[in-house]
Structures are given as C-alpha cells and as structure tokens.
Participant: 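The following block contains the structure, expressed as structure tokens.
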Amino acid sequence: MSDAPEELIQIQALVNELRAQQSILIVDDDERVRWTLERQLKSLDVTLHFAEDGEAAQRVLSQQPISVIITDQRMPGMQGTALLSWVKTQFPDVVRVMITANVETDTALAAINTGEVFRFVPKPWSQDDIRQAATSALDQHRTREERKLLMAEIARANESLRSMNDHLLELVEERAGEIRQQAEHLAKANADLRESFDAALEVVSTIIGFADLRIMDHCKRTVLRVRAFALRAGLKHTWIEPLSHAALCHWVGLVNAPSATVSQRLDEMRPDDLGSWEYHPVVGEIVLSQVPALGVAAQIVGNYLRAPDDEAFEGQPDLRVACQCLKLASFYEREFTIRNGHLTGKEGATALAYLESMRGKGVDATLLDLFRKHLPEDDASPV
C-alpha cells in the first residue's frame, strides 16, 4: 500500500480532532438524574455539559460546541420536544436524543417523524440503553461532520483540476490525433468520445492498481462476472453499461483503506478495519458522482452493500437488481482476491458458502439461486 497523500493525512488529522472535541449536553430538572447520567456516560470519553431546564440548555448551546443533546421530555417551563424543535432550527448539526416515560411514546414517535429527534430512550432505562443511544448519536454526528470534511476536500481537488484544464485539453487533443491516424473506423466524433470515456475508466482502474494491484484485479474480474450474470438476472439492457462502470470502480473507496480490508474475510476483520470497509461505498459514490456521465454508476456503488429489502430501493427495482448483482459478483470474487493468486481449488465453494450465510438478509434468495445456477459446477477459478 502506498503512502497516503498529504491531503488525506490532513483530513484524518481533522477527523481525529473532531472525535476528540465531541461533547454531550444533558438536560434534566432532577439533579439526581443528571448525576446518574453523568456516571453512566463518563466512560464514553467525551466532554459532558449539564442544564437544569430548556432555557439553561439554550444558553449552553449558544456558548459551547455541542455534538449531542440528551433531554428529558417533562420539565418545568419548556418541555423536551419544544427544546429539541428549537435546537433543530438553531443548531441543526446537533444530534437530538429524548428520554420519555412509556406513556409519552406517542409524543416521542411524533418527534422522530418530524425529524426533531434522532433517538428516544424510554423510562426506566438501563445503563446499556442510554450508552447505546449516546454512542449511536455520537457516531451520527461524527459521520455528518466527516462527510462535510470530505466534501470540502473534493471541492478543493475539483478546483485544482479545473486550473489544469487547458493543459489537459492539449494533451487530449494530441492523443486524439494519434488515435484518429491509427483507427480510421473511428471517424465519427461520438465514437471518439465513447472510446475516450472507456479509456478514462481504464485509467482510473490503473490508478487504483498503483495503490494495491489486488483492488484493480478484483474490480476487473468483477466486471466480467457481473456482465455475464446481470442480463440473466433480469436487469434492463440500459443498466448493463452503468453497472459495468460501477463494477470497475466499486472499490475505489478502499485505495487508502487498511490492507486488511482487501486481504481478510469480513468476519475476520478488526472493528476499525470493518468500519473502513463499510464506509468505502460512501467514498466511492462521492468520487464517481463528480463525473456526470457516471451518475448512475455512482448510485450503484453507494448502495451495493445494502440489504435487498433496504428502504433505499423503494420504488427503484432496477437499482436494487443492479446492486444485488454487483454484491453477489464482488463477494464471490473476493475469495480469489484474498488468496492473491495462491489458489487451492476450494475458493469457489468457500465463496458460495459465505454468500449462503447472507441468504435473505444480505442478498436476495432468488438472485442467489440464479447466481449459483449460472456458475459452472464446482467453479474454483476466477472468471
């Protein structure tokens, strides 16, 4: 794995700083409750602030950077829902958690439905309940802030690319002249543009390979596997090309990830490495979406790890099939990627066994049956 670029090192430093600066504001009129929550949450290693009512909480929020607010619903003066509605308007980046009695469940659900509350914790709560809610809220806040950092870096990179545009256009024109001399049958401009686009994708794949050849090899094998299967799975012809582009670039988000995300099975990874794996579709979608022609491919990459019944696929059956095809093909080829050329003849069977473990949960059962049927019997070598 090559050294990370300076820009990514700076982003990681900002992310680490963000994590170190996270804080929680606890709002409750009962001092004993505030003390209990302090004792239960102090091991999260974040700064804790306290307020006895809604007005005091507003003052804290105006003076301190807060990541998460945890408030009781019933308090003198301003109730929890009113406070969180104000926080949503004035400090929308603060993740909101509410503690409610069982009789207030309807109120809590209404607050969630209107986007005012991220989670609610029913009374009486256990230490595990409140710690899990706080941890999830902190993760949500960190994910939002990390996405902002990444988008800012992408915008900066795009600005740098635009400044190089004139020089790149000269190089492209020079190369286009060579191509026209060597390939007379590409006389039409549209055909030239088409070949240039495909060549650009090949360049992207090659650049990925500079970081880790296994990523490039895996993506190329996945392209062949998914193209051979997608039509049999009922995917429309118009989706085959975007799916191929998505397959070629779907691991671009792992270029600077830990080596374990490429060399180990998912059930063997450490939590930190698994987090990098689960985040790579987000990075891949952000990168590909900067190219308008890759918009559909970016959407496939961003959603291909989702379960088949995920709400993101509601009303989008073609996207669902495309993502499931990519997931089946990529997870199957992953077994050969892990082996990195040292094949034992059992890779195909091992890969299918892992896919079977996700039947009905991670992958669609019907598509999995069709995928197995499509494979040669006892397939033990990559496409």
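Computed over heavy atoms, backbone and side chain alike; hydrogens, waters and symmetry mates excluded.
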Participant: Below 4.5 Å, heavy atoms only, C-beta onward: do Q64 and T47 meet side chain to side chain?
Facilitator: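 Counting from C-beta outward, Q64 and T47 never come under 4.5 Å.
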Participant: Is there a donor-acceptor contact under 3.5 Å from the side chain of H250 to the main chain of A247?
Facilitator: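 Checked: pair present.
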Participant: In terms of the angle between their ring planes, are W251 and H218 parallel, tilted or perpendicular, with boundaries placed at 30° and 60°?
Facilitator: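 Judged by the thresholds at 30° and 60°, the geometry between W251 and H218 is parallel.
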Participant: Give a yes or no on whether the backbone of I286 and the side-chain of Q290 come within a donor-acceptor separation of less than 3.5 Å.
Facilitator: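 Looks like yes, one N/O pair under 3.5 Å.
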Participant: Where do Q40 and W125 land on the side-chain contact (heavy atoms from CB on, under 4.5 Å) test, with the steps shown first?
Facilitator: CA-CA 11 Å; Q40 293 175 336; W125 70 84; 2.9 Å; yes
Participant: May I have the step-by-step check of side-chain contact (heavy atoms from CB on, under 4.5 Å) for V262 and T337, ending in yes or no?
Facilitator: CA-CA 7 Å; V262 179; T337 303; 3.9 Å; yes
Participant: Consider side-chain contact (heavy atoms from CB on, under 4.5 Å). Of R32, E31, R39, which one does W35 pass it with?
Facilitator: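 Of the listed residues R32, E31, R39, the side-chain contact (heavy atoms from CB on, under 4.5 Å) partner of W35 is R39.
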Participant: For a 4.5 angstrom cut-off between non-hydrogen side-chain atoms, does W86 reach F91?
Facilitator: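 Side chain of W86 against side chain of F91, heavy atoms only: contact under 4.5 Å found.
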Participant: Decide, yes or no, whether a salt bridge links D310 with R320 under the criterion of side-chain N to carboxylate O below 4.0 Å.
Facilitator: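 The answer is no: the pair does not qualify as a salt bridge.
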Participant: Drop me the distance from S263's OG to I338's CD1, to the nearest 0.5 angstrom.
Facilitator: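 Nearest 0.5 Å value for the OG-CD1 distance: 8.0 Å.
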Participant: Closest approach of V27 and A57, non-hydrogen atoms and distance?
Facilitator: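 Taking every non-hydrogen atom into account, CG2-CB, 3.7 Å.
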Participant: Main chain of G362, side chain of K327: is a donor-acceptor contact present, judged purely on distance under 3.5 Å?
Facilitator: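 Checking the backbone N and O of G362 against the side chain of K327, a donor-acceptor pair under 3.5 Å is found.
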Participant: Does some side-chain heavy atom of N303 sit less than 4.5 Å from a side-chain heavy atom of Q316?
Facilitator: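 Counting from C-beta outward, Q316 and N303 never come under 4.5 Å.
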Participant: First locate atom CG of D29, then atom CE of M75, and finally report the distance between them rounded to the nearest 0.5 Å.
Facilitator: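 It comes to 7.0 Å.
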Participant: For the residue pair L288 and H245, establish whether any side-chain heavy-atom pair is separated by less than 4.5 Å.
Facilitator: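 Side chain of L288 against side chain of H245, heavy atoms only: no contact under 4.5 Å found.
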Participant: Between R34 and E52 (salt bridge meaning N to carboxylate O under 4.0 Å), is one present in this structure?
Facilitator: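 The answer is no: the pair does not qualify as a salt bridge.
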Participant: So do the side chains of R221 and L224 get within less than 4.5 Å of each other, counting heavy atoms only?
Facilitator: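 Side chain of R221 against side chain of L224, heavy atoms only: no contact under 4.5 Å found.
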Participant: Between R96 and A137, is there a donor-acceptor pair closer than 3.5 Å when you use the side chain of the first and the backbone of the second?
Facilitator: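 No, R96 side chain to A137 backbone: no donor-acceptor pair under 3.5 Å.
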Participant: Would a distance-only check, ignoring hydrogens and angles, find a side-chain to backbone donor-acceptor pair under 3.5 Å from T261 to P258?
Facilitator: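 Looks like yes, one N/O pair under 3.5 Å.
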Participant: I300 versus C323: any side-chain heavy-atom pair under 4.5 Å?
Facilitator: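 In short, these two side chains touch, coming nearer than 4.5 Å.
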Participant: Decide yes or no on side-chain hydrogen bond (donor to acceptor under 3.5 Å, both in side chains) for Q90 and Q58, but give the supporting numbers first.
Facilitator: CA-CA 10 Å; Q90 300 298 322; Q58 290 175 333; over 6 Å; no
Participant: Rounded to the nearest 0.5 Å, how far does CD of E38 lie from CD1 of I26?
Facilitator: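 With rounding to 0.5 Å, CD1 (I26) is 7.0 Å from CD (E38).
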Participant: So do F50 and V60 actually touch side chain to side chain, heavy atoms under 4.5 Å?
Facilitator: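 They are not in contact (no side-chain heavy atoms under 4.5 Å apart), so the answer is no.
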Participant: Determine, step by step, whether L83 and I69 satisfy the side-chain contact (heavy atoms from CB on, under 4.5 Å) criterion, reporting the C-alpha distance in whole Å, the side-chain angles of both residues, the deciding distance to 0.1 Å, and the verdict.
Facilitator: CA-CA 10 Å; L83 172 60; I69 180 172; 3.9 Å; yes
Participant: When you check the gap from the basic side-chain N to the acidic O, do R270 and D272 get nearer than 4.0 Å?
Facilitator: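 No, R270 and D272 are not salt-bridged.
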Participant: Can you confirm whether Q132 is buried at CD, in the sense that more than 12 heavy atoms of other residues, nucleotides or ligands lie under 6.0 Å from that atom?
Facilitator: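 Not more than 12 within 6.0 Å, no.
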Participant: Within a 6.0 Å radius of atom CD on E268, are there more than 12 heavy atoms belonging to other residues, nucleotides or ligands?
Facilitator: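 Check passes, neighbour count above 12.
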Participant: Can you spot which of V68, L44, I130 makes a side-chain contact (heavy atoms from CB on, under 4.5 Å) with T135?
Facilitator: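 When V68, L44, I130 are each tested with T135, the side-chain contact (heavy atoms from CB on, under 4.5 Å) holds only for L44.
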Participant: Please tell me if the side chains of L150 and E146 come closer than 4.5 Å, counting only heavy atoms from C-beta onward.
Facilitator: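 The answer is no; the side chains never approach within 4.5 Å.
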Participant: Between D273 and S276, does any side-chain donor sit less than 3.5 Å from a side-chain acceptor?
Facilitator: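 Side chains of D273 and S276: no pair found under 3.5 Å.
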Participant: Measuring from H49:NE2 to Q63:CD, what's the distance to the nearest 0.5 Å?
Facilitator: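 Taking NE2 in H49 and CD in Q63, the distance rounds to 10.5 Å.
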Participant: Do the charged groups of R142 and E145 touch, with an N to O distance under 4.0 Å?
Facilitator: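 Looking at E145 together with R142, the answer is no, because their closest N to O distance does not fall below 4.0 Å.
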Participant: Tell me whether the count of non-hydrogen atoms from other residues, nucleotides or ligands lying under 6.0 Å of CZ in R144 goes above 12.
Facilitator: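 More than 12 heavy atoms, drawn from other residues, nucleotides or ligands, come within 6.0 Å of this atom.
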Participant: Measure from the side-chain N and O atoms of Q324 to the backbone N and O of D364, and report whether any donor-acceptor pair falls under 3.5 Å.
Facilitator: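 At least one qualifying donor-acceptor pair exists.
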Participant: Would the distance check show the side chain of E333 and the main-chain N or O of R225 forming a donor-acceptor pair, the cut-off being under 3.5 Å?
Facilitator: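 No: the side chain of E333 does not pair with the backbone of R225.
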Participant: For L274, give me all partners under side-chain contact (heavy atoms from CB on, under 4.5 Å), at least two apart in sequence or on another chain.
Facilitator: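 Result, side-chain contact (heavy atoms from CB on, under 4.5 Å) vs L274: M269, W277, E278.
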Participant: For the residue pair P308 and K361, what are the closest heavy atoms and their distance?
Facilitator: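 Heavy atoms of P308 and K361 come nearest at CD-O, 3.1 Å.
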Participant: Would you confirm whether R74, through its side chain, and D72, through its main-chain N or O, come within 3.5 Å as a donor-acceptor pair?
Facilitator: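 Checking the backbone N and O of D72 against the side chain of R74, no donor-acceptor pair under 3.5 Å is found.
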Participant: Locate the shortest heavy-atom distance separating S23 from I66; write the atom from each residue and the value.
Facilitator: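 That closest heavy-atom pairing would be OG-CA, 3.3 Å.
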Participant: Where do L266 and F331 come nearest, in terms of heavy atoms and distance?
Facilitator: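 Residues L266 and F331, closest heavy atoms: CD1-CE2, 3.7 Å.
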Participant: Would you say the side-chain atoms of D139 pair up with the backbone N or O of S136, donor to acceptor, closer than 3.5 Å?
Facilitator: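 Not confirmed, D139 side chain does not pair with S136 backbone.
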Participant: For P242 versus A297, what's the shortest heavy-atom pair and its separation?
Facilitator: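 So the two residues come closest at O-CB, 3.5 Å.
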Participant: Stepwise, does the side-chain contact (heavy atoms from CB on, under 4.5 Å) test hold for D217 with F336?
Facilitator: CA-CA 10 Å; D217 291 342; F336 301 101; over 6 Å; no
Participant: Measure the spacing between CG of L375 and CZ of F229 and express it to the nearest 0.5 Å.
Facilitator: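 If I round to the nearest 0.5 Å, the distance is 8.5 Å.
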Participant: State the CZ-CD1 distance between R119 and I70, to the nearest 0.5 angstrom.
Facilitator: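 One finds 12.0 Å between CZ of R119 and CD1 of I70.
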Participant: How close do A322 and L243 get, heavy atom to heavy atom, and via which atoms?
Facilitator: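 Here A322 and L243 meet closest at O-CD1, 3.5 Å.
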Participant: Donor-acceptor pair, distance only, cut-off 3.5 Å: does the side chain of Q73 make one with the backbone of Q79?
Facilitator: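 No: the side chain of Q73 does not pair with the backbone of Q79.
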